[in-house]
Amino acid sequence: MPGCKHCGKEIGTETVCPFCGAAQSEKPQGVATMPAQPPVYSPPPRTAPADVQYTPDQGGFVAKGLGFVIMGLLIVLMLGIGAAGRMFFSPINARNIAMQLFSMLPFAAGFILTCRAAGPDFSLAGLASLGGCVFAVTHSIVLAIIACIVAGAFSGLLIAVLRAPAVITSLMLIPLYVGICLLVTQGMPEPLESSVPPWVLLLVVGLVVFGLGVLYNALTPIGLPAAQRKWTKSLAAFLAYPVAGAMAGVSSILIMYRIQAFAPSFGGWSLVPTLVFIWAVVYSSRALDNRIAPVLYGALGLWLWTALGNALSILSFSPYAQYIVQTIITLPMVIVAVLANPKALREL
C-alpha cells in the first residue's frame with residue numbers, strides 16, 4: 001500500500017492523508033539547496049601608480065655617496081691647480097678668497113632656499129646687479145633691499161603660486177633686471193667710498209645673513225625631506241623667494257663694498273654658472289635632503305668655485321678659458337645630481 005509522503009502512514013489511494021492532512025501532490029517540506037557554484041575570480045581594482053618618493057634613507061652609493069666622492073676629487077683638483085701658482089697659498093690670497101666667499105654667502109644661501117621651495121630662482125643673478133644699482137643711485141641700503149624683496153616676491157608668485165617653470169621663468173627675468181641697471185647707469189661704474197673696513201663688513205654681515213638662511217631652512221617646511229614637502233601654494237615656499245631676494249640684495253651691497261664701486265657688468269648671466277654648480281652640489285646626494293645640510297654643503301661648493309676661479313686667475317687664465325674649466329667641473333656634478341635625485345628635474 002502506498003504511504004503518505006509526509007507522515008509515512010498507509011493511506012491507499014487517498015489524495016489527502018487522513019492522519020496529517022497533507023495533500024499527496026505537494027512536495028515534502030524542507031530546505032531547498034542549490035548546487036555549489038565555483039568561486040568567480042574578481043581582479044583587484046586598477047589604480048594609477050603612485051609617484052616614487054625618495055627619502056634620505058633610500059638609495060645606494062650612487063644616490064648617497066657618489067656626490068661626496070666627486071666633491072672630494074674636485075677639491076683635490078682645485079688645490080692642484082692652485083699649487084701651480086706661487087701666490088695661491090699665501091695669507092694675502094687666502095684673505096682675498098675669504099672676502100669673495102663672505103660677500104657671496106648670502107646670495108648662495110638664498111638660492112638654495114629657492115631650490116628647496118618650488119624650484120631654483122636663477123633671476124637672483126640679475127638681482128645681484130639690481131640691488132647694487134639701486135644702492136649706487138639712492139645711497140640707501142633699505143631701498144636696495146626692498147627692491148630686491150619685491151623682485152623676489154614676483155618670482156615667488158610666478159614659480160611657487162602660479163607654478164610656472166622655474167628655470168624658464170627665472171632666466172627670462174635676468175635680462176629685465178640687467179637692462180634696468182644698464183638703462184639707469186648707462187653702463188658706467190659708480191664709485192663707492194666707505195669708512196668701514198671691507199673685510200669687517202663682509203665677515204660680520206655675510207656670516208649673519210648666511211646664518212639666517214640656515215635657520216629659514218631649518219625652521220620652515222621647506223627643510224623637510226622631499227617626500228614630506230608639499231610644494232603647491234605653500235606659504236613657506238612662496239616666502240622663500242622674497243627672503244632670497246633680500247639676501248641677494250645684501251650680497252650685491254657687500255660686493256660693492258669689497259670692490260669699492262658698483263660695476264654694472266657684475267651679476268646677470270655671469271653668475272648663472274655659479275648657481276648651476278651650487279644647484280648640482282645641493283642635489284648630488286640624498287643624504288643632504290634635510291634641514292641643516294643643504295645650505296652648509298652649498299657653502300662648501302661656493303668655496304670650491306671661488307677658490308678655483310682665484311687659482312685660474314693667478315695662472316693668468318683668460319675669462320673664456322675659465323668658463324671652459326668651470327664647465328668641465330660642473331658637468332660631472334650635474335650628472336651625479338640627476339642620478340641621485342631623478343625627481344629634481346621635475347622641479348625645474
Side-chain angles (χ1 to χ4, degrees), residues 51-59 63-64 67-68 71 104-125 127 149 152-153 155-167 169-170 209-248 251 272 274-302 333-334 336-338 340-348:
D51 290 339
V52 179
Q53 300 291 341
Y54 297 104
T55 65
D57 296 329
Q58 292 177 325
K64 299 175 64 176
F68 298 119
M71 174 64 80
M104 290 290 292
L105 276 178
F107 177 76
F111 177 73
I112 294 171
L113 294 183
T114 65
C115 291
R116 297 188 59 80
D121 183 10
F122 289 96
S123 69
L124 295 178
L127 296 187
I149 291 175
S155 296
L157 174 65
L158 296 176
I159 299 174
V161 178
L162 301 181
R163 300 304 294 160
V167 172
T169 302
S170 57
V209 178
F210 174 78
L212 293 178
V214 175
L215 289 177
Y216 190 92
N217 184 70
L219 301 178
T220 64
I222 70 171
L224 294 172
Q228 303 176 24
R229 291 198 299 267
K230 296 184 180 298
W231 312 102
T232 306
K233 296 184 180 180
S234 165
L235 179 61
F238 167 74
L239 291 179
Y241 291 85
V243 169
M247 292 182 174
S251 274
V272 172
T274 306
L275 297 181
V276 173
F277 182 74
I278 293 175
W279 174 87
V281 167
V282 171
Y283 281 97
S284 63
S285 173
R286 292 184 204 165
L288 300 172
D289 189 13
N290 55 59
R291 292 185 176 275
I292 301 296
V295 183
L296 297 179
Y297 196 68
L300 177 63
L302 178 63
M333 192 63 73
V334 171
V336 171
V338 173
N341 288 282
K343 290 190 65 178
L345 294 178
R346 300 183 186 180
E347 302 169 13
L348 302 179

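Note that the coordinates shown come from a computational prediction; the quantities given were computed from them, not determined experimentally.
Distance check: F111 CZ to T274 OG1 gives 10.0 Å after rounding to the nearest 0.5 Å. Rounding to the nearest 0.5 Å places CZ of R291 at 7.5 Å from CG of N217. Within the model, atoms CE of M247 and CG of L212 stand 6.0 Å from one another, a figure rounded to the nearest 0.5 Å. Between the CZ atom of F107 and the CD1 atom of I112 there is a distance of 11.0 Å, given to the nearest 0.5 Å. Atom-to-atom distance recorded for F210:CZ and M104:CE is 12.5 Å, nearest 0.5 angstrom.
Of all non-hydrogen atoms in P120 and S170, the two that sit nearest each other are O-OG, 3.8 Å. Scanning all heavy atoms of the two residues, the minimum distance from T220 to A236 falls at CB-CB, 4.2 Å. Listed here is the closest heavy atom pair of N290 and I292: OD1-N, 3.0 Å. Shown here for A337 and W279, the closest heavy-atom pair between the two residues is CB-CZ3, 4.2 Å. Of all non-hydrogen atoms in S285 and F68, the two that sit nearest each other are OG-CE1, 3.5 Å. Shortest non-hydrogen contact noted between R116 and I222 is NE-O, 3.1 Å.
Counting heavy atoms from C-beta outward, T114 and F122 have side chains that stay 4.5 Å or more apart. Residues V209 and L105 form no side-chain contact, since every pair of their non-hydrogen atoms from C-beta on lies 4.5 Å or further apart. Between L288 and V282 the shortest side-chain heavy-atom distance does not fall below 4.5 Å. The side-chain heavy atoms of L300 and L296, taken from C-beta on, include no pair separated by under 4.5 Å. Residues D121 and L275 have side chains not in contact (no heavy-atom distance under 4.5 Å, counting atoms from C-beta outward). Under the 4.5 Å side-chain criterion, counting only non-hydrogen atoms from C-beta, L158 is not in contact with Y241.
No donor-acceptor pair closer than 3.5 Å links the side chain of T169 to the backbone N or O of A166. When atom types are taken as modelled, the side chain of S284 and the backbone of V281 share a donor-acceptor pair closer than 3.5 angstrom.
Checked against ring-ring contact (aromatic ring centres under 6.0 Å, His included), F238 has no partners two or more places apart in sequence or in another chain.
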Q: In sequence, state the C-alpha distance, the side-chain angles, and the governing distance for L239 and Y216, and then conclude on side chain to side chain contact (heavy atoms under 4.5 Å, CB included).
A: CA-CA 10 Å; L239 291 179; Y216 190 92; 3.3 Å; yes

